[in-house]
Amino acid sequence: MRRTDTQGGITIVEVLVGVLLVSVIVMVVLTPLTGFFGLTRRSTQQVGATQTAQALLETIRGDWLSAAMYDQRCTTATIPAGATLTVTNLDLNGNAVGSAPLNASCSGNAPDTAPIRRLQLVVQADTARSTLVVDVARP
């Protein structure tokens with residue numbers, strides 16, 4: 001009787017093919033995930049910029065519930081770096097009749113009794129940009 005000894009096991013070629021297959025599967029799974037992480041970061045920046053803009057506009061609107069502060073075009077809000085506020089006077093039909101910059105102090109300014117003002121606030125946070133516009137009527 002003839003006896004053959006064969007040893008069981010895997011060759012280096014089989015190991016390399018297995019590693020290659022696992023690498024391809026990992027790449028297929030991880031590539032979309034890295035895109036989702038970038039999208040989440042940009043979304044977070046956009047939400048932050050919008051929240052900053054909303055808070056500033058609400059502070060100005062709250063200040064302008066006082067006719068004196070409205071007429072003086074002043075506010076207690078601090079416009080942060082990266083934000084641009086444009087104030088436009090409107091007539092009763094909503095047509096622009098001129099710009100009206102904010103004043104640093106609430107006294108000693110010539111009163112401006114425009115019936116409506118349009119506030120446009122642009123906030124830039126990293127790569128995200130948020131633009132909000134609100135019309136405020138004279139109290």
(request) Can you spot which of V133, L121, V136 makes a side chain to side chain contact (heavy atoms under 4.5 Å, CB included) with L57? (result)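 Exactly one pass, corresponding to L121.
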Nearest-0.5 Å distance that lies between atom [atom1] in [X] and atom [atom2] in [Y]:
| X | Y | atom1 | atom2 | result |
| --- | --- | --- | --- | --- |
| D112 | N103 | CG | CG | 9.0 Å |
| S105 | Q72 | OG | CD | 7.5 Å |
| I116 | N93 | CD1 | CG | 8.5 Å |
| I12 | E14 | CD1 | CD | 10.0 Å |
| L21 | L16 | CG | CG | 11.0 Å |

Side chains of [X] and [Y] in contact at under 4.5 Å (non-hydrogen atoms):
| X | Y | value |
| --- | --- | --- |
| L85 | L102 | yes |
| T127 | Q45 | yes |
| R61 | L65 | no |
| R117 | T88 | no |

(message) Test of understanding: clusters of I, L, V, M, F, W, Y form through side-chain heavy atoms closer than 4.5 Å, transitively. Do V134 and L56 belong to the same one?
(response)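 V134 clusters together with L56.
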[X] side-chain N/O to [Y] backbone N/O, donor-acceptor pair under 3.5 Å:
| X | Y | answer |
| --- | --- | --- |
| R73 | P101 | yes |
| Q46 | R129 | yes |
| Q51 | G48 | no |
| Y70 | A114 | yes |
| S43 | L39 | no |

(message) Assess the residue pair I10 and V15 against the criterion (side-chain contact (heavy atoms from CB on, under 4.5 Å)); give the C-alpha distance rounded to whole Å, side-chain angles, the decisive distance to 0.1 Å, and a yes or no.
(response) CA-CA 7 Å; I10 56 175; V15 170; 3.5 Å; yes
(request) Not counting sequence neighbours, list each pair that qualifies as a disulfide bond (SG atoms under 2.5 Å apart) and has a residue in residues 107-139. (result)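 Applying disulfide bond (SG atoms under 2.5 Å apart) to every pair that reaches into residues 107-139, excluding sequence neighbours, yields nothing.
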(message) For L90 and N95: C-alpha separation, side-chain torsions, deciding distance, then whether side-chain contact (heavy atoms from CB on, under 4.5 Å) applies.
(response) CA-CA 5 Å; L90 306 176; N95 300 316; over 6 Å; no
(request) Scan side-chain atoms only and decide if Q120 and T131 contain a donor-acceptor pair under the 3.5 Å cut-off. (result)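 There is no such pair between these side chains.
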(message) If I compare all heavy atoms of P139 with all of W64, which pair ends up nearest, and what's the gap?
(response)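 Minimum heavy-atom separation between P139 and W64: CG-O, 3.3 Å.
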(message) I need the minimum non-hydrogen distance between M69 and C106, along with the two atoms involved.
(response)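 Where M69 meets C106 most closely, the heavy atoms are CE-SG, 3.9 Å.
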(request) State which residues pass salt bridge (Lys or Arg N to Asp or Glu O under 4.0 Å) with D63; sequence neighbours excluded, sorted by chain then number. (result)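 So D63 forms no salt bridge (Lys or Arg N to Asp or Glu O under 4.0 Å) with any residue.
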(request) May I ask you to decide whether D126 forms a salt bridge with R42, counting only side-chain N to carboxylate O separations under 4.0 Å? (result)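 No, no charged N to carboxylate O under 4.0 Å.
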(request) Identify whether the distance between the nearest side-chain nitrogen and carboxylate oxygen of R138 and D71 falls below 4.0 Å. (result)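 Counted as a salt bridge, because a side-chain N and a carboxylate O are separated by less than 4.0 Å.
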(message) Between L132 and Q54, does the side-chain contact (heavy atoms from CB on, under 4.5 Å) criterion hold? Intermediate values first, please.
(response) CA-CA 8 Å; L132 297 179; Q54 284 177 330; 3.5 Å; yes
